[in-house]
Amino acid sequence: MKIMSVNSGSSSIKFKLFEMPSEKVIASGQVDKIGFEDAGFEIEFNGKEFEKTLPIKSHTLGAQLIINGLIEHKIVKDMKEIAAVGHRIVQGGEVFKEHTIVDDKVLQQILDLADMAPLHNKAHVISIKAFREVLPNVPHTVVFDTVFHSTMKEDAFMYAVPYFWYTDHGIRKYGFHGTSHKYVSELTNKILGNKKDSKVIVCHIGNGASISAVRNGVCVDTSMGFTPLDGIPMGTRTGAIDPAILNYIGEKLNLSSAEVYEILNKKSGYLGISGVTSDARELEQSIAEGNKRSKLAFDLQAKRIADYIGSYYVYMEGVDAITFTAGIGANSPRLRKLVCDRLKALGVKIDDKLNEAKAQEISTKDSKVRVFVINTNEEVVIARETLKLIKRKA
Ligand code: AMP
């Protein structure tokens, strides 16, 4: 059975087609710059790659292009071969504690949550509608970033603000990157031999970055909060800062709160500190050239990651494994070393050679905590959850 995972933004659609349950990737690709004359379409299968530039006016045309591409390249005979489409959704709020099959009510509920994730949820709904138009006879599912974190207890997810902000306005920590944290923590648990009361910390460090504490397969805390701006510093995002700064700097620089918010999201993190780049590889290059602010950007992030790990160690009363994933976590030995060197108090020791070689396990034999590097796979989680949902429905 073929299941497609879809991850859409306001101007892009990324997809992966899986044979399930074997989880073999049959094809993948993307449409980007939707709405522009020079939009792009890329498709990859059997080691071959095709791409073209053309105007793509809407998500519906993008979805059509993807399905036609699959048929044209004989990846599927006709669209009936696609058994279901799973869509990634960033914000499920408290409404969605489980992934679900799409209907009109579900779409409206996702739109109702758009105030809390304006950049994402609206685009997701536009994309789901587009795919439902193109593939009207297959089930569509929604898989939420927030669901994996919905197991957090009140002491982890509440903010100390007036209580009605929570009850009336949903102000609480939701957490994000849930599908990645689920995939990586499950795989880590498997490597640990599915031990009882396992305590795993996942460091998903990419352009966006978040840490989660997973006890016995269940998320107990995570670093992103009400929005993906919270937690550790990222490519362009601040992570947690003193909220009083917003008001203060707004007055000093004559900026509205929306303008300050934009800077915290888009001009901070690596980019803000280094003044050079938001990209980790470019940052490493700049460090090699002796740029002290670029070094500080990395050091500062590493300290904050270590701080979260320390706090989760205390919260879970120990930790069996720390796993690094995502673009930077899985690919930057420098970042991993910077973090692990700050964890001596927990008895964490890594082997520099294994770290440089990106071995799956980089800790030394006498390390009190095992340290792993695992590539994340959010798309396969979407396909797995979609398969579960359509089986349940059948
Ligand atoms: P993601 O958001 O997970 O796709 O991660 C994107 C980030 O990963 C960017 O900052 C990239 O520069 C970074 N990245 C990718 N490959 C490497 C690498 N080999 N070394 C360091 N950073 C990398």
Side-chain angles (χ1 to χ4, degrees), residues 5 7-16 28-30 32 42 44 88 90 119-120 145 148 175-185 187 202-212 222-224 227-239 265-289 291 293-302 304-305 323-340 350 352-360 362 372-382:
S5 289
N7 183 359
S8 298
S10 53
S11 64
S12 69
I13 304 172
K14 290 190 188 130
F15 72 93
K16 228 174 214 183
S28 64
Q30 63 175 6
D32 65 1
E42 280 171 41
E44 209 183 318
R88 175 204 177 203
V90 165
L119 294 180
H120 294 105
D145 271 23
F148 184 62
F176 299 90
H177 295 139
T179 47
S180 174
H181 287 289
K182 179 178 165 68
Y183 177 84
V184 174
S185 60
L187 201 51
V202 176
C203 303
H204 174 115
I205 318 293
N207 257 331
S210 63
I211 323 276
S212 68
T222 192
S223 61
M224 280 181 170
T227 72
L229 181 58
D230 200 4
I232 60 167
M234 311 171 211
T236 61
R237 290 174 237 168
T238 50
N265 260 303
K266 300 204 173 137
K267 303 249 167 77
S268 302
Y270 288 162
L271 178 63
I273 294 287
S274 71
V276 176
T277 179
S278 64
D279 183 274
R281 270 172 295 195
E282 290 176 15
L283 202 67
E284 293 204 14
Q285 182 60 38
S286 157
I287 295 169
E289 288 158 8
N291 187 317
R293 274 170 52 185
S294 294
K295 182 175 176 303
L296 175 64
F298 243 41
D299 288 348
L300 196 132
Q301 186 190 42
R304 296 272 292 278
I305 296 171
T323 305
F324 289 90
T325 192
I328 306 166
N331 296 305
S332 171
R334 180 190 182 97
L335 192 269
R336 291 193 295 264
K337 183 164 169 55
L338 280 175
V339 173
C340 291
I350 59 165
D352 288 342
K353 280 205 189 113
L354 294 174
N355 184 34
E356 287 292 334
K358 197 189 161 179
Q360 184 181 62
I362 61 169
F372 300 107
V373 182
I374 289 177
N375 288 325
T376 193
N377 192 342
E378 292 164 280
E379 298 86 356
V380 85
V381 174
I382 296 172

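Every number for a ligand or one of its atoms is a count from 1 in the order of the listing.
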Check whether any side-chain heavy atom of T277 lies under 4.5 Å from a side-chain heavy atom of S286, and answer yes or no. no

Rounded to the nearest 0.5 Å, how far does CG of L335 lie from CD1 of I328? 6.5 Å

Return the closest protein heavy atom for atom 21 (C) of ligand 1 as residue, atom name and distance. R281 CG, 3.7 Å

N or O pair under 3.5 Å between D279 and ligand 1: yes

From N265 CG over to M234 CE, what is the distance, rounded to the nearest 0.5 angstrom? 8.5 Å

Which residue holds the protein heavy atom closest to atom 14 (N) of ligand 1, what is that atom called, and what is the gap in Å? G327 O, 3.5 Å

Any nitrogen or oxygen of H204, main chain or side chain, under 3.5 Å from a nitrogen or oxygen of ligand 1? no

Checking a contact table here: which protein heavy atom is nearest atom 7 (C) of ligand 1, and how many Å away? I328 CG1, 3.6 Å

Closest protein heavy atom (residue, atom, distance) for atom 19 (N) of ligand 1: N331 CB, 3.4 Å

Does any non-hydrogen side-chain atom of P233 lie less than 4.5 Å from one of L300? yes

In terms of atom number and element, which parts of ligand 1 are under 4.0 angstrom from non-hydrogen atoms of N207? 1 (P), 2 (O), 5 (O), 6 (C)

Within a reach of under 6.0 Å around NZ of K358, are more than 12 heavy atoms found that belong to other residues, nucleotides or ligands? yes

Below the 3.5 angstrom mark, is there an N/O of A280, backbone or side chain, next to an N/O of ligand 1? yes

Taking 4.0 angstrom as the limit and counting only heavy atoms of G206, give me the atoms of ligand 1 inside it, by number and element. 1 (P), 2 (O), 3 (O), 5 (O)

Are any non-hydrogen side-chain atoms of S210 and H181 less than 4.5 angstrom apart? yes

Can you name the nearest heavy-atom pair linking F176 to P228, along with the distance? CE1-N, 3.6 Å

Any protein heavy atom nearer than 4.0 Å to atom 4 (O) of ligand 1: no

